[in-house]
Number of protein chains: 2
Amino acid sequence: MSLAEADLQQGYSIKETAERTGMSEDTIRYYEKIGLLPRAKRKGNSHRIYSDSDLNRMLLVTCLKKTGMSLDDMRPYLDLSLDADLSQYPELHVMILNHRQKIIEQIASLQQIVDFIDVKIEQGNLGPQTCELAGDRKQMPRGRKAKAKAKA
Amino acid sequence: MSLAEADLQQGYSIKETAERTGMSEDTIRYYEKIGLLPRAKRKGNSHRIYSDSDLNRMLLVTCLKKTGMSLDDMRPYLDLSLDADLSQYPELHVMILNHRQKIIEQIASLQQIVDFIDVKIEQGNLGPQTCELAGDRKQMPRGRKAKAKAKA
DNA sequence: CATTGACTTGGAGCCAGCTCCAAGTTATAT
DNA sequence: ATATAACTTGGAGCTGGCTCCAAGTCAATG
């Protein structure tokens, strides 16, 4: 009991963390499993216990997820958000600037959809012109053989 | 040959369509299979043939995809982009306004990420404050049992 | 001391969205 | 006639991102 008391209020249980972050417990464990989150500290030699900064990390994940970033892509951000001195890691700096640019483009895409909608709503219907996006098709397989045949 | 000549230049083959839209041929067939695109017209009783308006539809798909919309969610847009008279379908109208609103929110989220990045870049590192997003956690299972336990 | 409840792990299962493959058809070029 | 190329269909397989489950541990409580 004395130990238990000492441990008490030292951090958040996984359940509480799930409630506070809006993730499921399973998801939190899953993120740990795939190394998106660092292995959590344990209490009484098993139960995970989280600090406020852990929660912040998780909130950053949900935040980045909203922008459509893949779990893999967000790793550098998470590493960064701990304590890194950005100027120390020029590669990361570049990556982040690149991603910033992508997000700017995403915003532009979304804005075009909004415009598209507005036009449709005003017109009542739409002719052949749809949105002008689709400029940078960079699809193409991500696995194996790569069938790609870029023309230019 | 005469028939072939007549058919020639009447539209785009699937290959050309793939090149022009940036989708793979497989993806185009897949979209047809799941009914995201209407069954394509056929030439010589088999080969698909596409018109400019078909291509526009597809470009709209890639455009909507960029905004993170699921294939299912974009169906109403595609129907709409054909020729529908929007005022004829009040439900659709509402759906679209709702989606418009969501996109506006998405833009705001993305903008916050950009701000977050900018702050990080200026600071060189980040303290506990991450981004202020994560406000509307609306996760929770989409399938089966729904473990949810909303507290409030 | 048996039960309850919160937790643990490992692994199976599931959905979206493709991607790949095999077998078959038809058209043109040699 | 035959090889090549562009297509067809149906279905299997794969990745990402979870979600669910079974079996077990540990702590406090009746």
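Heavy-atom basis, side chains included; hydrogens, waters and symmetry copies ignored. Below, chain A is the first sequence line, B the second, and so on; all start at residue 1.
Of the candidate nucleotides D/dC7, D/dT19, C/dC21, D/dT19 has the atom lying nearest to any side-chain atom of A/D26. Comparing C/dC18, D/dT8, C/dC7 by their nearest atom to the side chain of B/T27 picks out C/dC18. Residue A/R42 has its side chain nearest to C/dT8 when only D/dT8, C/dT8, C/dC7 are considered.
Taking atom CZ of B/R29 as the reference point, atom C1' of D/dT8 lies 7 Å away to the nearest angstrom. The CD-P distance, from A/E19 to C/dA6, rounds to 10 Å in whole Å. The distance from atom OH of B/Y31 to atom P of C/dT19 is 8 Å, rounded to the nearest whole Å. In this entry the distance linking CG of B/L37 with C1' of C/dC18 reads 14 Å, nearest Å. Distance, A/K33 NZ to C/dG10 C1': 7 Å, rounded to whole Å. Note: CD1 (A/I14) to P (D/dT25) measures 19 Å, nearest angstrom. A straight line from CE of A/M74 to C1' of D/dG17 spans 11 Å, rounded to a whole angstrom. Rounded to an integer number of Å, the gap from B/Y30 OH to D/dC14 P is 17 Å.
Nucleic acid contact for B/I34: none, since no nucleic acid atom lies under 4.0 Å from a heavy atom of the residue. At a threshold of 4.0 angstrom between heavy atoms, the contacts of A/R48 are confined to the sugar-phosphate backbone, with no base atom among them.
In this structure, B/H47 and B/S70 both approach DNA chain C, and ranking their closest nucleotides by distance from the 5' end singles out B/S70. Ranked by how close their nearest DNA chain D nucleotide is to the 5' end, B/R39 and A/L71 are led by B/R39.
For the pair B/E32/B/R48, a side-chain contact is recorded, criterion being any heavy-atom separation below 4.5 Å from C-beta on. No side-chain heavy atom of B/L110 sits under 4.5 Å from any side-chain heavy atom of B/V114.
A donor-acceptor contact under 3.5 angstrom links the side chains of A/D54 and A/S51, judged on distance only.
Distance CZ/A/R75 to CD1/A/I34: 5.5 Å, rounded to 0.5 Å.
Between B/S13 and D/dA6 there is no side-chain N or O to OP1 or OP2 distance below 4.0 Å. In terms of phosphate contacts, A/S24 brings a side-chain nitrogen or oxygen within less than 4.0 Å of OP1 or OP2 of D/dT19. Between A/K43 and D/dT25 there is no side-chain polar atom (N or O) within less than 4.0 angstrom of OP1 or OP2.
Between the side chain of A/R57 and the backbone N or O of A/L78 there is at least one donor-acceptor pair closer than 3.5 Å.
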